[in-house]
Amino acid sequence: MVEQEGFRRYVAHIILWIGIAIVAFPVYIAIVASTQDNALIANGQMSLLPGGHFFEVYYQTIFVGTSGSTREPVYNMMLNSLVMALLIAVGKIAISIISAYGIVYFRFPFRMPIFWIIFITLMLPVEVRIYPTYKIVADLHMLDSYAGLALPLIASATATLLFRQFFMTVPDELLEASRIDGAGPLRFFWDTLLPLSRTNMAALFVILFILGWNQYLWPLLITTRDDMQTIQVGIRKMITTTDALTEWPVVMATAVLAMLPPVFVVVAMQKLFVRGLVETEK
C-alpha cells in the first residue's frame, strides 16, 4: 500500500513538471528572443540560449520604443495599463460592495428586481454594447483619457453577486450588536463589514486587476494618441504585416515586461487571494 502511494505521488509530480514545462517554455522563448539579434529571429536562426543584447534591447524597449510602428516607450504604455487596471479593479470593488450592502441590509421597493437587473447585465459585456458605449464616451469628450478607459468597464455584476452572497452569511447578531452600540449604517459598514470582507476584496482585486490589465478591444477603440495606448495595444501595433519590418526582440521584451505586473500582484496577494476564494466557497 505504501509502495502504491509512493508510485502515485511520483507519477503526480512527473505530470506537474510536464505541465510546468509546457507553460514555462513559451515564456522562456520570449525571454531568449528578447536578447537576440533581430536578423537572426527574422531568418529563423534564433538560438535557444540567451543572446548578448539584453541591456541594449531592454533599454530601447523601456525608454525609446520601436523605430517603426509605434515610437512610444514601453514605460508609458505600462503606466497607462497600470492606471487603467487599478481604476477598474478599485472602482468595481467599491461600486459592487456598496450596491451589495444596499441590497442586503436595506429594505426598499423593488429591491430584488433591481438585483436581478444588475445580474442580467452579465449577458451584456462591453463587446455587445460597444457602439452605444463608444458613442456616449465620445459625446462626453472622454476619448484618449483615463476616465474613458476605465469608466465604461467599472461596473461588475459578478462582484456584486459575490459580495451579496458573503453579506448574507454574516450573522445578524453583528448587526444587532452594532445597533446596541449606537452605530449607524455607515459605521456598521465601515467598522464591521469592510474588515470582514478584506480577503474577499483581495481575491476580487487580483482577478479584476488582471482583467483590466489584459483589456485590448476597448483601449484599441478609444485611444487615438500613441501616448495614451495601453501595452496590449502597443504589442499589437509593434507586429507589422511584414516580418522583416517587425523588431522582434523589442516585441518579445515588451511581452515579458507586460507579464511582470500581473505576476507581481498574484505573488504579493497570494495568501489573501487563496483565503478569499476559500471563504467565498464557504
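Since the structure is predicted, the reported quantities are computational estimates derived from the model, not experimental observations.
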Closest approach of Ile118 to Ala157 (non-hydrogen atoms, all atoms of both residues) | O-CB, 3.1 Å
Does the ring centre of Phe188 sit less than 6.0 Å away from the ring centre of Tyr105?
-> yes
Linking I/L/V/M/F/W/Y whenever any side-chain heavy atoms sit under 4.5 Å apart, do Phe108 and Phe163 land together?
-> yes
Is it the case that more than 12 heavy atoms not belonging to Arg198 sit under 6.0 Å from its CZ atom?
-> no
Can Val233 be reached from Val74 by stepping across I, L, V, M, F, W or Y side chains whose heavy atoms are under 4.5 Å apart?
-> no
Can Val23 be reached from Met252 by stepping across I, L, V, M, F, W or Y side chains whose heavy atoms are under 4.5 Å apart?
-> no
State yes or no: do Ile130 and Met123 share one hydrophobic cluster built from I, L, V, M, F, W and Y residues joined by side-chain heavy-atom distances below 4.5 Å, directly or via other members?
-> no
Is the NZ or CZ atom of Arg236 both under 6.0 Å from the centre of the six-membered ring of Tyr216 and within 45° of that ring's axis?
-> no
If only atom types and distance count, is the side chain of Ser145 paired as donor or acceptor with the main-chain N or O of Gly148 below 3.5 Å?
-> yes
Is the number of heavy atoms from other residues, nucleotides or ligands under 6.0 Å of Tyr28 OH greater than 12?
-> yes
Taking all non-hydrogen atoms of both residues into account, name the closest pair between Gln232 and Trp213 and its distance.
-> NE2-O, 3.1 Å
Listed pairs under 3.5 Å, donor-acceptor, residues 86-103 side chains, sequence neighbours left out:
unit_1 : atom_1 : unit_2 : atom_2 : d
Lys92  : NZ     : Leu153 : O      : 2.9
Lys92  : NZ     : Ala155 : O      : 2.8
Ser96  : OG     : Lys92  : O      : 2.6
Ser96  : OG     : Ser156 : O      : 3.2
Ser99  : OG     : Ile95  : O      : 3.0
Ser99  : OG     : Ser96  : O      : 2.9
Ser99  : OG     : Thr160 : OG1    : 3.4
Tyr101 : OH     : Pro185 : O      : 2.7

